[in-house]
Each structure stands twice: as C-alpha cells, then as structure tokens.
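We count ligands from 1, going down the list as the structure has it; atoms in each ligand are counted the same way. Predicted model, so just to flag it, every value in this text is computed and none were measured.
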Amino acid sequence: MTEHTIVAIDGPGGSGKSTVARAVARRLGYTYIDTGAMYRSVACWALRAGIDLNDMHRMEQLAREAHVTFLNGGVLLNGEDVTAEIREPHVSEAASKVAAYPGVRRAMREEQRRIGASGPAVMEGRDIGTVVFPDARVKVFLDASAEARAQRRAVELGAPVEQVARDLAGRDTRDRTRAEAPLMQAPDAEYVDTSGLTPEQVEEAVLKIVRGRTSN
Ligand code: DC
C-alpha cells in the first residue's frame, strides 16, 4: 500500500495556517486542504436554509450531504462558490458551534481521510495531527500571541481589532475546550511561533521541517 505524505498543520485562528499551508502545498506540488472551510461550509448551508444550529442530528446530516470542493483558491459548496460568504463573522461563529458536534466531526474526518488517501496533501485545521492523521509524516503546530492573531484577522476582515480579538478569543476557548477533538498540539508536532515572523519566514520554517521529516 502506498502511504502518501501528509503535512498536518494545526493551530488557532490567525496563527497563519492558511497562508503557509497554501504556499507550502504549492512549493511541494501537494493538494492543499483547508478543513476549516469544510466546517464553515456546513455552517453556511445551515444558516442559509434556516436550520436550527442546535439540532445536532440535522447538522450531522448536512455534514454528510455537503459536497465541498476546492477550486483555483476558492471554495465550492454543492457546486456554488461560497469563498467570501464562509468568511463572514456570523458564519465563523456558527462554524465553531457545529464543529463541536461529534457526528459532524465524524463526517468531516471520513472525507478528510478519503482525500488524504488519494494523494500527498498539506492539510490544515485543529485536529489533523492529533485525530485525522495521527500517523502523518510531518506535523506542525502553528501559534502566535493573541494580539498578533487578532491584528492579522482585523486586517483581513477590515474590522476593529478589539471586536475581532473578542470574537477570536471566544471561538478559541470553544475549540480548545470541546470534548471531541479539541485543538491541541500533538506530542510529535513541531511548534512554530509565528508572532514576529513574515509569511515567507514561516513558509521557510515549515519547509525545513518537511525536509527534515521526509529525508530517509
Ligand atoms: O480555521 P478556521 O477558522 O477556518 O475554522 C473554522 C472553525 O472550524 C473553527 O471554529 C475551528 C473549526 N475547525 C475544527 O474544529 N477542526 C478543523 N480541523 C478545522 C476547523
């Protein structure tokens, strides 16, 4: 059986995961998978359809039926472009809620494993190195100070930094304290603090880890 190389990148929001994962995937010629976009797409669908986010079973059903694909840097939900919509603050909040449901996570995990089995990939999220691919060859845990993370997100969203910091802290707490697959560093993941680094420096640091873990 061929074991494809999986580069698992986990960390909290605003730590720089998406930027570095996309760049590293391009450099290596691997598929890039943003698993947060998968949870966001499920939440987006529920909000659009007016489905109660507290209805765990309906959320699991949506997660099983959602067809999320990545195309030219964008995200498609059941064939429709949702790239911008899934970044809206109310979708971020809803995504963090639905991501706590074990049934939703099970559906996402199965899909992520299926993608990983089909070829080498750089996959970023919260539980890739701990739960989805515990045997991944390369594991990186990206982190940054709360201030640096809020500052980055505020620039991305064009929103006041104080408000972004509050929202981010709330979601972080939920992601870190949920019972199912909470955000945590895998014991064998390399820790990288991106607070004072440029995206290029983070990319080089991650590529160095990849080279170190894939040689021999
Ligand atoms: O990385 P992001 O901000 O796009 O993630 C959106 C939400 O989904 C966030 O609250 C964390 C959750 N998530 C998760 O629980 N597990 C993952 N593998 C990826 C994201």
| said: Check for me whether R174 has a heavy atom closer than 4.0 Å to any atom of ligand 1. | reply: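 Distance cut 4.0 Å: R174 fails for ligand 1.
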
Note the single closest protein heavy atom to [atom], along with its residue, its atom name and the distance in Å.
atom: atom 7 (C) of ligand 1; value: A95 CB, 4.0 Å
atom: atom 3 (O) of ligand 1; value: R40 NH2, 3.0 Å
atom: atom 20 (C) of ligand 1; value: G36 CA, 3.5 Å

| request: For the residue pair F70 and Y32, categorise the inter-ring angle as parallel (less than 30°), tilted (30 to 60°) or perpendicular (more than 60°). | output: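 F70 and Y32: tilted rings.
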
Is there a side-chain contact between [X] and [Y] in this structure, where contact means two heavy atoms from C-beta onward sitting under 4.5 Å apart?
X: H67; Y: L77; value: no
X: K17; Y: R22; value: no
X: P12; Y: F141; value: yes

| message | Under a 3.5 Å distance rule, please check whether D127 uses its side chain to pair with a backbone N or O of T130 as donor and acceptor. | response |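 No: the side chain of D127 does not pair with the backbone of T130.
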
Is [X] close to ligand 1, meaning an N/O of one under 3.5 Å from an N/O of the other?
X: E124; answer: no
X: D127; answer: yes
X: T35; answer: yes
X: R178; answer: yes

Atoms in ligand 1 with a heavy atom of [X] nearer than 4.0 Å:
X: R87; answer: 4 (O)
X: S96; answer: 10 (O)
X: A99; answer: 12 (C), 15 (O)

| said: Assess whether a salt bridge exists between R87 and E156, defined as any Lys/Arg side-chain N lying under 4.0 Å from an Asp/Glu carboxylate O. | reply: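 Not counted as a salt bridge, because no side-chain N and carboxylate O are separated by less than 4.0 Å.
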
| request: Would you mind checking if R40 and E85 are paired as a salt bridge, meaning a charged N to carboxylate O distance below 4.0 Å? | output: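 Here E85 does not pair with R40 in a salt bridge, since their nearest N and O are not under 4.0 Å apart.
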
| field | Single hit among M59, E111, E110 for side-chain contact (heavy atoms from CB on, under 4.5 Å) with R64 | value |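 Option passing the side-chain contact (heavy atoms from CB on, under 4.5 Å) with R64: E110.
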
| said: I want to confirm something. Looking only at heavy atoms, which of I128, V98, D175 is nearest to atom 10 (O) of ligand 1? | reply: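 Ranked by closest heavy atom to atom 10 (O) of ligand 1, first place is D175.
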
| field | Nearest neighbour of atom 2 (P) of ligand 1 from the list R126, M38, R105, K97, on a heavy-atom basis | value |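 Residue with the shortest heavy-atom distance to the ligand atom: R126.
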
